[in-house]
Amino acid sequence: MLILAATPIGTVADASGRLADALASADVVAAEDTRRFRRLAADLGVEVPGRVVSYFEGNEQQRTTELLDHLRDGATVVLVTDAGMPSVSDPGYRIVAAAVAEDLPVTAIPGPSAVLTALAVSGLPVDRFCFEGFPPRKSGERSRVLGALADEQRTMVFFESPHRTAATLESMAEAFGADRPAAVCRELTKTHEEVVRGPLSELAAWAGDGERVRGEITIVVSGSEPPAPADLDETDLAALVDEARAEGLSTKDAVADVARRTGISRKVVYAAAHATKEST
């Protein structure tokens with residue numbers, strides 16, 4: 001069995017008992033950084049009798065083949081990254097996809113998540129959100145990607161490195177608007193945890209102030225305001241319903257979702273979607 005095991009994002013005491021048990025009984029532990037893993041195991045007071053191997057971006061493809069061999073032989077393989085849940089902007093996707101393709105069992109030990117922790121403390125809407133990972137490093141590509149998200153109505157969560165935080169916040173202010181509410185969450189659950197909230201323009205100025213930004217950074221940005229009802233015609237409403245259905249909602253739920261987001265009655269939204277479908 002392949003076990004994706006979440007590790008603490010800061011405070012070691014957040015580790016679960018199941019994590020300790022899994023590490024103590026695993027045949028193989030695949031760790032993003034074996035030295036950091038050894039420190040974690042020592043902090044948890046866990047002896048790891050199984051083989052410990054590295055599993056990071058540079059060797060992920062090659063190591064996946066090796067780990068699959070262990071899984072086929074009936075071994076228990078525990079995958080851990082430096083912090084949080086494997087495969088979420090961290091190594092893990094390749095081995096999960098490969099195991100699933102061969103119908104090998106995959107499970108997870110849930111635990112700390114920088115994405116959900118940042119959402120919870122941001123003070124921004126959390127009923128609907130999307131995770132966008134790390135923005136592109138190059139300014140032009142970053143502006144293009146953020147520009148494509150300008151009309152996203154869900155709260156957005158991003159990871160970023162400290163030395164690019166100021167530039168990214170400036171790009172976000174340009175793409176989303178200077179007054180768009182956001183929060184920069186730094187060193188979550190650690191001794192120097194800090195959450196700075198405000199409009200993107202103010203956060204960009206804060207981040208550009210000397211050596212202020214350090215540590216692990218998660219940025220949460222409020223989604224765009226839905227269009228005013230008067231700005232939406234029948235075609236617009238039908239397109240919104242189609243988008244909601246593309247996300248997996250039934251027609252009934254898609255109509256209800258669009259009605260909630262736009263403030264337009266369900267009856268009007270349904271009629272628009274139905275009329276547009278008939279016309280095509």
Side-chain angles (χ1 to χ4, degrees), residues 89 113-189 192-233 235-237 239-241 243-244 247 256-265 269:
S89 284
S113 164
V115 175
L116 297 181
T117 303
L119 273 169
V121 302
S122 69
L124 299 173
V126 297
D127 55 332
R128 299 176 72 245
F129 68 90
C130 58
F131 174 58
E132 295 295 330
F134 285 90
R137 297 184 180 187
K138 295 182 178 180
S139 60
E141 180 67 6
R142 183 171 61 237
S143 295
R144 185 190 68 79
V145 169
L146 294 176
L149 293 169
D151 294 327
E152 174 59 65
Q153 294 180 22
R154 295 171 293 183
T155 296
M156 296 169 282
V157 184
F158 301 85
F159 287 161
E160 190 52 285
S161 65
H163 67 275
R164 288 196 298 270
T165 297
T168 292
L169 288 169
E170 290 175 0
S171 296
M172 288 178 171
E174 293 176 2
F176 304 148
D179 295 331
R180 181 79 70 90
V184 177
C185 306
R186 188 180 72 83
E187 295 289 86
L188 288 169
T189 80
H192 300 291
E193 174 178 306
E194 182 179 22
V195 180
V196 184
R197 305 172 182 87
L200 281 169
S201 58
E202 292 183 9
L203 293 177
W206 165 83
D209 184 14
E211 299 296 324
R212 185 184 297 271
V213 180
R214 296 179 182 178
E216 301 289 337
I217 306 297
T218 306
I219 301 173
V220 186
V221 183
S222 179
S224 68
E225 292 293 328
D231 297 334
L232 296 172
D233 60 20
T235 302
D236 295 328
L237 292 174
L240 290 173
V241 171
E243 289 174 7
E247 292 179 2
D257 180 65
V258 172
R260 179 184 61 80
R261 289 189 284 133
T262 61
I264 299 175
S265 73
V269 175

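Along the sequence shown, the residues carry numbers beginning at 1.
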Heavy-atom pair of closest approach, residues S161 and I217: C-CG1, 4.5 Å
Test salt bridge (charged side-chain N to carboxylate O under 4.0 Å, His left out) applied to E152 - qualifying residues, sequence neighbours left out: R154
Euclidean distance, S224 OG relative to M156 CE, rounded to 0.5 Å: 7.0 Å
M172 vs I219, side-chain contact (heavy atoms from CB on, under 4.5 Å): CA-CA, chis, key distance, verdict: CA-CA 10 Å; M172 288 178 171; I219 301 173; 4.0 Å; yes
Contact check, side chains of V258 and I264, non-hydrogen atoms, under 4.5 Å: no
Salt bridge (charged side-chain N to carboxylate O under 4.0 Å, His left out) partners of residues 178-189, not counting sequence neighbours, each pair once: R186-E194, E187-K190
Partners passing side-chain contact (heavy atoms from CB on, under 4.5 Å) against A166 (at least two apart in sequence or in another chain): A207
Results of side-chain contact (heavy atoms from CB on, under 4.5 Å) for D236 - residues two or more places apart only: L232, D233
Check residues 118-128 and write down every donor-acceptor pair under 3.5 Å in which the side-chain atom is one partner and the other belongs to a residue at least two apart or another chain.
{"from": "S122", "atom 1": "OG", "to": "L119", "atom 2": "O", "distance (Å)": "2.9"}
{"from": "S122", "atom 1": "OG", "to": "L124", "atom 2": "N", "distance (Å)": "3.1"}

Exercise: identify the closest heavy-atom pair between G198 and L203: O-CD1, 3.5 Å
Non-hydrogen side-chain atoms of V221 and F176 separated by less than 4.5 Å: yes
Non-hydrogen side-chain atoms of V157 and T218 separated by less than 4.5 Å: yes
Side-chain heavy atoms of V115 within contact of F159, under 4.5 Å: yes
Please list, one pair per line, the donor and acceptor atoms closer than 3.5 Å that link side chains of residues 129-142 to other protein atoms, with sequence neighbours excluded.
{"from": "E141", "atom 1": "OE1", "to": "R144", "atom 2": "NE", "distance (Å)": "3.2"}
{"from": "E141", "atom 1": "OE2", "to": "R144", "atom 2": "NH2", "distance (Å)": "2.7"}
{"from": "R142", "atom 1": "NE", "to": "S171", "atom 2": "OG", "distance (Å)": "3.2"}
{"from": "R142", "atom 1": "NH1", "to": "R137", "atom 2": "O", "distance (Å)": "3.0"}

